[in-house]
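First the structure, in the form of structure tokens, and then the observations on it.
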Amino acid sequence: MMRLATPDARPAMDVLESEHGFTVRVEVPGIAPEKLDVQVDGDLLTIRGEMDQPADGERYHYRERRAGSFKRTLRLADTLDTQAIQATYQNGLLTLDLPKTPKIEPKRIEVKIQ
């Protein structure tokens with residue numbers, strides 16, 4: 001008999017930065033978008049999901065695909081506009097766009113003599 005693999009329950013994730021913000025990509029193949037939960041609470045971004053469990057009666061000799069629930073949490077920089085975060089799902093890839101808040105340039109205030 002073969003031994004069953006014990007896959008890591010956390011999906012692979014990439015975080016990229018650009019001039020305008022951050023992009024988070026999470027591999028979640030086979031997970032329906034309605035089984036994904038993305039939330040922002042203060043400075044924490046949490047991604048949860050549920051990967052289908054094997055059907056009752058199935059006897060695997062080898063299994064690498066993940067099953068069960070997962071949770072990934074990221075601490076967000078205070079320079080992000082958390083109200084403008086957008087999430088898309090395509091071909092098993094969850095993509096989150098986290099825009100930076102517009103940079104406020106210092107404003108010089110002229111002092112007038114009276």
Side-chain angles (χ1 to χ4, degrees):
M1 178 185 282
M2 301 171 127
R3 297 182 74 191
L4 295 178
T6 308
D8 183 5
R10 294 176 7 154
M13 177 173 63
D14 297 327
V15 179
L16 303 95
E17 182 178 8
S18 70
E19 180 182 336
H20 304 288
F22 289 85
T23 300
V24 177
R25 294 186 187 130
V26 184
E27 290 182 354
V28 288
I31 298 179
E34 58 272 7
K35 289 191 176 183
L36 294 170
D37 179 35
V38 180
Q39 294 185 14
V40 175
D41 184 10
D43 65 345
L44 297 178
L45 170 70
T46 302
I47 303 163
R48 289 184 180 90
E50 182 71 32
M51 300 174 189
D52 290 337
Q53 296 285 350
D56 287 340
E58 290 182 333
R59 292 182 48 204
Y60 286 89
H61 288 271
Y62 188 77
R63 180 177 171 93
E64 289 186 344
R65 293 183 304 121
R66 301 185 259 332
S69 61
F70 70 88
K71 176 181 172 184
R72 301 292 310 255
T73 301
L74 298 171
R75 185 167 306 280
L76 300 176
D78 59 358
T79 58
L80 295 178
D81 182 358
T82 58
Q83 298 301 314
I85 294 174
Q86 295 193 8
T88 57
Y89 179 86
Q90 183 177 10
N91 297 329
L93 189 65
L94 173 65
T95 302
L96 304 171
D97 291 311
L98 298 88
K100 293 179 181 177
T101 54
K103 188 174 181 180
I104 299 173
E105 298 293 328
K107 179 181 175 186
R108 179 165 171 75
I109 299 172
E110 182 181 339
V111 178
K112 297 180 183 178
I113 301 173
Q114 294 184 346

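- Side-chain contact between Arg72 and Thr46 is absent, with no heavy-atom pair separated by less than 4.5 Å.
- Interatomic distance, OG1 of Thr88 versus CG of Leu93, reported as 7.5 Å (0.5 Å rounding).
- Atom CD1 of Ile85 is separated from atom CG of Leu76 by 5.5 Å, given to the nearest 0.5 angstrom.
- Taken from OG1 in Thr79 to CZ in Phe22, the straight-line distance is 6.0 Å, to the nearest 0.5 Å.
- Every side-chain hydrogen bond (donor to acceptor under 3.5 Å, both in side chains) that Glu17 has, sequence neighbours left out, goes to Lys100.
- The distance from the CE atom of Met13 to the CD1 atom of Ile47 is 6.0 Å, given to the nearest 0.5 Å.
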Review item, side-chain donor-acceptor pairs of residues 105-112, under 3.5 Å, at least two apart:
none

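- With sequence neighbours excluded, the residues satisfying side chain to side chain contact (heavy atoms under 4.5 Å, CB included) with Leu16 are Asp14, Thr23, Arg25.
- Residue pairs meeting the salt bridge (Lys or Arg N to Asp or Glu O under 4.0 Å) criterion with at least one partner in residues 28-39, sequence neighbours excluded, are Lys35-Asp52, Asp37-Arg48.
- Taking hydrophobic clusters as Ile, Leu, Val, Met, Phe, Trp and Tyr residues chained together by side-chain heavy-atom distances below 4.5 Å, Leu96 shares a cluster with Val15.
- Leu36 pairs by the side chain to side chain contact (heavy atoms under 4.5 Å, CB included) definition with Val28, Ile31, Phe70, Tyr89, Leu94, not counting sequence neighbours.
- By the side chain to side chain contact (heavy atoms under 4.5 Å, CB included) test, Arg75 pairs with Asp43, Leu44, sequence neighbours left out.
- Contact detail for Val40 and Gly42: the closest heavy-atom pair is CG1-O, 3.7 Å.
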